[in-house]
Amino acid sequence: MLNVAVLISGAGSNLRALLDAADEPDYPAHIVAIGADRDADGLQHAADFGIPSFSVPYRAYASRDTWGEELATQLRAWSPDLVVLSGLMRLLPENVVAEFGPQIINTHPAYLPEFPGAHGVRDALASGAGQTGASIIQVDDGIDTGPILAQERVAIEPGDTETTLHARIKPVERRLLIDVVRRIATGDIDLS
Ligand code: GAR
């Protein structure tokens, strides 16, 4: 069984889908803890599933590095085999990547390397492109630069807004995320 810690910043809808998948008896991964960089709404999903959660509020720390030290301390307590960034809207500090990498993955609402960063959906829409996508990547020290583990195209429809487009991307992200975590757990994907 693969022990997974998940980090979020927002609603955690993709986290919720992963929790539902992990609740199935034949799913080979177990969510051991859920953390956030703020008082995220999505922490409620941890409570719903009886899973421990923690918050390390970014703004309470003097620097990214001191925040990262506390985040690493919290994660370490759960000895995760894999850390999933599921809508964590912060660049992970180097110390966290050094300690938990290469076993860290991230979901991103665009077809990387297209539209990296915090506004992947907005940037795709603004570009005038006819399609964007969803990606699951391995995390390195860059901004959405790590190796791509899975990705799929999503069409941009006339009249799309950031909200409507993101709402069509998320189900694709969820499916890819659940599949990638399963494949890491079964050894089909080797992150080392
Ligand atoms: C997801 O679309 C995820 O890919 C994105 O935030 C959303 C979180 O939604 N992450 C990024 O943009 C990271 N650069 P959720 O909180 O409802 O799961």
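Whatever order the structure lists them in is the order used to number ligands and atoms, beginning at 1. We number each residue from 1, following the sequence as shown.
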Salt bridge flag under 4.0 Å for residues R153 and E114: yes
Residue and atom name of the nearest protein heavy atom (relative to atom 6 (O) of ligand 1), distance in Å to one decimal: G87 CA, 3.6 Å
Nearest neighbour in protein (non-hydrogen) for atom 18 (O) of ligand 1: N14 N, 2.9 Å
N/O separation below 3.5 Å, D144 to ligand 1: no
Lys/Arg cation over aromatic Y58: R38, 6.0 Å, 45° cone: no
Polar side chain donor-acceptor pair, E99 to N95, under 3.5 angstrom: no
Part of H108 within contact of ligand 1 (heavy atoms, under 4.0 Å): both
Cluster overlap L18 with L82, hydrophobic side-chain contacts below 4.5 Å: yes
Ligand 1 atoms in contact with G117 (distance to a heavy atom under 4.0 Å): 14 (N)
Hydrophobic cluster membership, L177 vs L88, 4.5 Å side-chain cutoff: no
CA sep, side-chain torsions, deciding dist, call: S9, D37, side-chain hydrogen bond (donor to acceptor under 3.5 Å, both in side chains): CA-CA 6 Å; S9 292; D37 66 334; 2.9 Å; yes
Nearest protein heavy atom with distance in Å, relative to atom 13 (C) of ligand 1: M89 SD, 3.7 Å
H119 near ligand 1 by a heavy-atom separation under 4.0 Å: no
Contact atoms of ligand 1, heavy-atom distance to S13 under 4.0 Å: 15 (P), 16 (O), 17 (O), 18 (O)
Any I8 heavy atom less than 4.0 Å from ligand 1: no
Min N/O separation G12 to ligand 1 under 3.5 Å: yes
For atom 5 (C) of ligand 1, closest protein heavy-atom neighbour: P109 CD, 3.8 Å
Nearest-contact summary for atom 1 (C) of ligand 1 - protein heavy atom, Å: E173 OE1, 3.4 Å
Salt bridge present between R182 and D188 (N-O < 4.0 angstrom): no
Residue pair I105, I184: steps toward the side chain to side chain contact (heavy atoms under 4.5 Å, CB included) verdict: CA-CA 10 Å; I105 64 171; I184 292 168; 4.0 Å; yes
Heteroatom distance test (S86, ligand 1): nitrogen or oxygen, under 3.5 angstrom: no
R175 and D179 ion-paired at < 4.0 Å: no
